[in-house]
Amino acid sequence: MLDERDLQMIAKLLGDQKREIMEETFRVLADQKKEIMEETSRMLADQKTEIMHEAVALMEVEVRPKFGLLAEKMDLIAEKFLPPEEVEDLDSRVDVLEAVTRRNVREIGRISKELEDLKKAQ
């Protein structure tokens, strides 16, 4: 039969065994957690790289051609604009034409008045 001392020894052995099992379990769990974290980090880095490659491919296929078309249209529009020198020349010509028109309007007004005066005099 087992006495008190034998029971205490068994309890101590079971406690030690329990502690060892718990420590080993924690070690295994910590190692698994580390492996999972490393694998997750690798997977995220791979996904990021893949997304970047897809974004670049999308830009090459979708965006770049549209920018090319936009640039072509801008070139066509730019061709329709006059060079600054010609615009300045047109501005000065318009200024001259406006001055001549004002003078002509005054002259027409003067002539109209003279005609009215002549009609009244007759």
Side-chain angles (χ1 to χ4, degrees):
M1 178 150 225
L2 299 172
D3 62 8
E4 183 71 26
R5 192 178 152 153
D6 291 334
L7 291 174
Q8 287 176 351
M9 278 291 254
I10 292 172
K12 183 181 181 308
L13 288 173
L14 288 174
D16 290 345
Q17 190 176 24
K18 179 182 173 184
R19 188 174 49 255
E20 288 174 11
I21 291 171
M22 293 295 287
E23 288 172 358
E24 181 62 25
T25 301
F26 286 134
R27 247 190 323 275
V28 168
L29 287 175
D31 290 345
Q32 287 177 346
K33 180 180 177 182
K34 183 179 176 185
E35 288 175 17
I36 289 171
M37 294 299 285
E38 289 172 354
E39 181 62 25
T40 302
S41 179
R42 276 193 299 275
M43 288 173 61
L44 288 173
D46 290 346
Q47 284 181 338
K48 181 181 176 182
T49 302
E50 184 178 335
I51 289 169
M52 291 302 293
H53 286 253
E54 289 174 4
V56 168
L58 179 66
M59 287 177 12
E60 288 289 328
V61 171
E62 293 291 327
V63 177
R64 187 178 296 242
K66 289 179 181 174
F67 272 117
L69 291 173
L70 179 62
E72 287 176 19
K73 288 184 180 188
M74 288 176 67
D75 288 343
L76 291 173
I77 291 170
E79 288 175 5
K80 293 180 181 181
F81 284 113
L82 293 174
E85 309 82 45
E86 288 185 37
V87 172
E88 289 174 10
D89 182 48
L90 287 175
D91 281 344
S92 62
R93 290 175 63 192
V94 167
D95 290 342
V96 168
L97 290 173
E98 286 175 343
V100 169
T101 302
R102 279 192 299 274
R103 188 193 62 174
N104 289 344
V105 166
R106 282 193 307 269
E107 186 67 22
I108 290 170
R110 186 187 60 77
I111 292 171
S112 293
K113 188 173 189 247
E114 287 178 6
L115 278 173
E116 284 180 29
D117 290 345
L118 283 173
K119 285 181 184 177
K120 286 180 186 176
Q122 290 178 350

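For the numbers below, each heavy atom of this structure counts, side chains included, while hydrogens, waters and symmetry mates do not.
- Residue pairs that meet the side-chain hydrogen bond (donor to acceptor under 3.5 Å, both in side chains) test with at least one member in residues 27-38, sequence neighbours left out, are Glu24-Arg27.
- Phe67 and Val61 end up in different hydrophobic clusters when Ile, Leu, Val, Met, Phe, Trp and Tyr side chains are linked at under 4.5 Å.
- Looking at residues two or more places apart in sequence or on another chain, you find a side-chain contact (heavy atoms from CB on, under 4.5 Å) between Arg5 and Asp3.
- Distance alone, capped at 3.5 Å, is enough to place a donor-acceptor pair between the Thr101 side chain and the Leu97 backbone.
- Residues Val87 and Val96 do not share a hydrophobic cluster, defined by chaining ILVMFWY side chains whose heavy atoms lie under 4.5 Å apart.
- For residues 76-95, no residue pair satisfies the side-chain hydrogen bond (donor to acceptor under 3.5 Å, both in side chains) rule, not counting sequence neighbours.
- With rounding to the nearest 0.5 Å, the separation of CG in Leu7 from CE in Met9 is 11.5 Å.
- Residues passing the side-chain contact (heavy atoms from CB on, under 4.5 Å) test with Ile111 are Glu107, Leu115, sequence neighbours excluded.
- Phe26 shares a hydrophobic cluster with Met22; the chain of contacts runs through ILVMFWY side chains whose heavy atoms sit under 4.5 Å apart.
- Considering Leu70, Leu69, Asp75 in turn, Leu69 is the only one that fulfils the side chain to side chain contact (heavy atoms under 4.5 Å, CB included) rule with Glu72.
- We find the CD-CD1 distance between Gln8 and Ile10 to be 11.0 Å, quoted to the nearest 0.5 Å.
- Here CG of Asp117 is found 11.0 Å from NZ of Lys119. Values are rounded to the nearest 0.5 Å.
- Gln17 is not listed as a side-chain neighbour of Leu13, based on a closest heavy-atom distance of 4.5 Å or more.
- Within the model, atoms CG of Asp16 and NZ of Lys18 stand 12.0 Å from one another, a figure rounded to the nearest 0.5 Å.
- In this structure, CD1 in Ile77 is found 7.5 Å from CE in Met74, a value given to the nearest 0.5 Å.
- Pairs of residues two or more places apart, or lying in two chains, that qualify as salt bridge (Lys or Arg N to Asp or Glu O under 4.0 Å) and include a residue from residues 41-65 are Glu39-Arg42, Glu60-Arg64, Glu62-Lys66.
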